[in-house]
Amino acid sequence: MLAKRLIPCLDIDKGRVVKGTKFLQIRDAGDPVENAVLYDKDRADELVFLDITASHEKRDIMINVVRKIAKKIFIPFTVGGGLRNIQDITNILRAGADKVSINTQAVIAPELIKESSRKFGSQCVVVAVDAKRKNGQWEVYIHGGRTPTGMDVVAWIKKCERLGAGEILLTSMDQDGTKSGYDTELLKAVSTTVNIPVIASGGAGKLEHFYEAIVKGGADAILAASLFHFREFTIPQVKQYLKKRDIEIRL
Amino acid sequence: MLSKKIAIIDYKMGNLHSVFNAFQYLKIPVEFTHEKEKILNCAGIVLPGVGAFGDAMKNLQYLGLVDLIKQEISSKKPYLGICLGLQLLFEQSEECRGKRGLNIFKGKVVRFRSKGIKVPHIGWNQLCLKKKSELFKGIQQGSYFYFVHSYYVAPEDKNIIATTTEYGEEFVSSISLDRVFGVQFHPEKSQDKGMEMIKNFARICLNTRRSVPAKL
């Protein structure tokens, strides 16, 4: 049976690990390669690295980080953040990432999803979507959650699938950083509409939140950042818990 | 005598570097190449690859490697095909009708069709071991490996099936016959179990090195 995946996420700024959650203030630091090795030892199923470096000139640092990580860990990893065109995507994949995650640029220029999935295969292309509740539905936000787009999340994700996205990384902005659980309604609305895997993100605070994202939300994978980063829970702890509750998981 | 190196064939498809990195990490001597002489001189061949069946065959043809790989396989040099490298061993694929594969085994490559499953099949899934194979030495029944694919092989000769995996249906996740091995999953992304398998392949290459005549 296909196992549900547990995915720690690391935010990277100028080649260093920073903070835990996407929409909260930055704190802490660390070496991304060391962190990646630790998560690998803990038997994470995959890793996600989001490059939040603001200045474009410093982005090359990330390429080097990716190259180093690829030599040290042998589980799949995704790199996202600020990828603007097919060249940026090519560079990250050539450096050793298994997948790229695109967010803002996918909204601005949806053909990038098509172009990149055609060139590298759908399995390489993760579209990250930041969703915020509005009138009983959800709206797509871009620019790290700063800019509302007026687009409906479910409609947008359907379009992403059609364009060739291989997976959806779905973050609930309402839940992110609250530790009060994933937005299972949002997850369900998306996972029942598309036929590609959905990664749940935003809101994990308790063990049962992971369970709910899978069982109530229908998530194929669950992502958490600060919870793992600050060691409130370890990966083996979450995995053991899910296993006990009869979720298919790789220990 | 052949060199101790294992050739990882560089034919411009995705994921080649991860395979190279895994061998390097394990300190197994490799040659990352598409040069015929170098491939001929190596103790084994690894054909990785993520991407489309048709493109992969086109690239192999362009590099003039189709006959060479077939010859090497028939001369019993150990071969490990990963993902596309497994699929290419067969006659043809639904992914690209009209394009012939390497045609080592009878059968074709088909797409997942079961209802209620997501395609591509992405993630960690279990192996059901069907026969004894050197490649799976030390790998337990039910071990998880990392998969990412939409197509799988349907061999005519069921005796070559080494493992199967459950995803909506039971599909063939690896094959083995003598020294020809093909795996649909990615050992290079399957952590400790994957590393174990790569070490097994390297050992098979070293053990058979002496019995395969050098062609140069």
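Atom set for the values below is all heavy atoms of this structure, side chains included, hydrogens, waters and symmetry mates excluded.
Under the 3.5 Å distance criterion, the side-chain polar atoms of B/R209 are matched with a main-chain donor or acceptor of B/L2.
With a 4.5 Å cut-off on non-hydrogen atoms, A/L93 does not touch chain B at all. The contact between A/D40 and chain B is made by backbone and side chain atoms together, counting heavy-atom distances below 4.5 Å. Both the backbone and the side chain of A/R250 come within contact range of chain B, each with at least one heavy atom under 4.5 Å from a heavy atom of that chain. With a threshold of 4.5 angstrom between heavy atoms, B/L16 does not approach chain A through any atom at all. For B/M195, the part lying near chain A is the side chain, with the backbone staying farther off; criterion is any non-hydrogen pair under 4.5 Å. For B/V119, the part sitting under 4.5 Å from any heavy atom of chain A is the backbone (N, CA, C, O) and nothing else. When heavy atoms are compared at a cutoff of 4.5 Å, B/Q191 approaches chain A by way of both its backbone and its side chain.
The only member of A/V190, A/I168, A/V140 that meets side chain to side chain contact (heavy atoms under 4.5 Å, CB included) when paired with A/W156 is A/V140. Just one of B/F145, B/Y151, B/Y167 meets the ring-ring contact (aromatic ring centres under 6.0 Å, His included) condition when paired with B/H121; it is B/Y167.
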Requested in this report: Please test A/K4 against A/E248 for salt bridge (Lys or Arg N to Asp or Glu O under 4.0 Å), starting from the C-alpha separation and ending with a verdict.
Outcome: CA-CA 6 Å; A/K4 299 293 177 185; A/E248 196 68 35; over 6 Å; no
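Comparing A/I196, A/V194, A/D45 by heavy-atom pairs within less than 4.5 Å of chain B, the highest count is held by A/D45. Among A/G121, A/A3, A/A97, the residue with the largest count of heavy-atom pairs under 4.5 Å with chain B is A/A3. Chain A forms the most heavy-atom pairs under 4.5 Å with one residue out of B/Y144, B/Y25, B/W124, and that residue is B/W124.
A distance of 6.0 Å or more separates the ring centres of B/F185 and B/Y146.
A/F49 and A/F77 have perpendicular rings, their planes meeting at more than 60° on a 0 to 90° scale where under 30° would count as parallel. Using cut-offs of 30° and 60° for the angle between ring planes, the B/F201 and B/F181 rings count as perpendicular.
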